[in-house]
Amino acid sequence: MTTEDELRNFLLKHARHPARVGELPAPHGIGECRNPACGDHVRAQITLNQARIDQIRIQTTGCAI
């Protein structure tokens, strides 16, 4: 079982050093979501290789991200 401290440390580590952040030069797909109530904004881009996700990049802003 994972303790609350382990989960908290995992989330803090990710918040300080997020993975796969940025933009792809020629994405095959883009998804975007906004929450006007708090200002959260998430944008994800992917490239495909034979119907499988090859790369993914995210851009996020907001209160919880």
I'd like a table of donor-acceptor pairs (distance under 3.5 Å, sequence neighbours excluded) in which one partner is a side-chain atom from residues 12-20, with atom names and distances.
none

Sequence neighbours left out, cut at 3.5 Å: what donor-acceptor pairs do the side chains of residues 49-57 make with other protein atoms?
none

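- The NE2 atom of H41 sits 9.5 Å away from atom OG1 of T60, with the distance rounded to the nearest 0.5 Å.
- More than 12 heavy atoms of other residues, nucleotides or ligands shown are found within 6.0 angstrom of CD on E32.
- Counting only distance, with no hydrogens or angles, the side chain of Q45 and the backbone of L24 share a donor-acceptor pair below 3.5 Å.
- Nearest heavy-atom pair across R43 and I30 is NH2-CD1, 3.5 Å.
- Looking at every heavy atom in both residues, A44 comes nearest to I58 through CB-CG2, 4.2 Å.
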